[in-house]
Amino acid sequence: MSGAGRFQTIYAVIARIPRGRVATYGQVARLAGIPGRARLVGFAMAALPDGTRVPWHRVVNAQGRCSPRGDGGPGHMVQRLLLRRENVRFDRGERIALERYRWKPRGAGS
DNA sequence: CCACTGACGAGTG
DNA sequence: GCACTCGCCAGTG
C-alpha cells in the first residue's frame, strides 16, 4: 500500500479473519508481509477509530489472551465479550485455546 | 540526535 | 508453565 498507510495492509488481513476464529499479532504481521513486527500491528490496532468495521477483537497475543490496553481502558474486557459472543471459549486463566480457535488461512491467503 | 515507550514474540532458566 | 531479557520499529519529548 501507500507509504503513508502500512496499516491498511494490516487492517486488510484482520478483516479476513472469519467469525469465531482468532489470530495472533505475530500471525497478522506475517500475513501482512512484515514478519517480526508484531508490535507495529498493536500500534495499528490502537490507532483504530471507535466504531470501526475492522474485527480487531479477533486479534489476541501469542498467549491466547486479550492484551490490556496501555491506556488502562476496558478494551480487553470488551474484546473478551465480543469473542464470547462468537462462541469462543475462555479457560480459567482468561486464555483461549489457540490450537483450537486459531485462524488458518487457506488458498490465496497463504 | 538520543532515550523511552508500546494492544508483541521468541528464547532462556 | 512462569518470569525475565532482548529484539523490532514508529512515534514522542
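To find a chain, count down the sequence lines: A is the first, B the second, and so on, and within it residues start at 1. Given the structure is predicted, the values throughout are model-derived calculations rather than measurements.
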With a non-hydrogen cut-off below 4.0 angstrom, is A:G70 in contact with a base, only sugar-phosphate, or nothing? sugar-phosphate
Whole-Å C1' distance, C:dG13 and B:dA7: 23 Å
Tell me: CD1 of A:I14 to P of B:dA7, nearest whole Å? 15 Å
Just to confirm, is there a sub-4.0 Å distance from OP1 or OP2 of B:dC8 to any side-chain nitrogen or oxygen of A:T24? no
Run through A:I17, A:L98, A:V59 and flag the one making a side chain to side chain contact (heavy atoms under 4.5 Å, CB included) with A:V22. A:L98
Establish, with yes or no, whether the OP1 or OP2 oxygen of C:dC8 is under 4.0 angstrom from a side-chain nitrogen or oxygen of A:R39. no
Nearest whole Å is fine: how far is B:dC8 C1' from A:I34 CD1? 12 Å
To the closest 0.5 Å, what do you measure between CZ (A:R19) and CZ (A:R58)? 7.5 Å
Residue pairs passing the salt bridge (Lys or Arg N to Asp or Glu O under 4.0 Å) test with at least one member in residues 30-55 of chain A, sequence neighbours excluded, are none
Could you tell me the separation between the CG atom of A:N61 and the P atom of C:dC2, rounded to a whole number of Å? 13 Å
Taking atom CE of A:M77 and atom CD of A:E94, what is their separation to the nearest 0.5 Å? 7.5 Å
When you measure from the side chain of A:Y11 to the backbone N and O of A:A44, does any donor-acceptor pair fall under 3.5 Å? yes
Return the value, rounded to whole Å, for the distance between atom CG of A:L40 and atom P of B:dG9. 13 Å
Length of the CZ-P vector between A:F7 and B:dG6, whole Å: 17 Å
Between A:I17 (CD1) and B:dA7 (P), how many Å, whole number? 19 Å
So what does A:Y25 hit on the nucleic acid, given a heavy-atom distance under 4.0 Å: a base, only sugar-phosphate, or nothing? base
Under 4.0 Å, heavy atoms only, any strand: does A:R95 hit a base, just the sugar-phosphate, or nothing? sugar-phosphate
With a 4.0 Å cut-off on heavy atoms, is A:A46 in touch with a base, just the backbone sugar-phosphate, or nothing at all? base
For A:L48 and B:dG6, give me the distance from atom CG to atom P, rounded to whole Å. 19 Å
Pick the nucleotide of DNA chain C nearest each of A:G36 and A:R65; which residue has the one closer to the 5' end? A:R65
To the nearest Å, how far apart are A:I10 CD1 and C:dC9 C1'? 11 Å
Let's see if you can work this out: which of B:dA7, C:dA10, C:dC8 has an atom nearest to the side-chain heavy atoms of A:R37? C:dC8
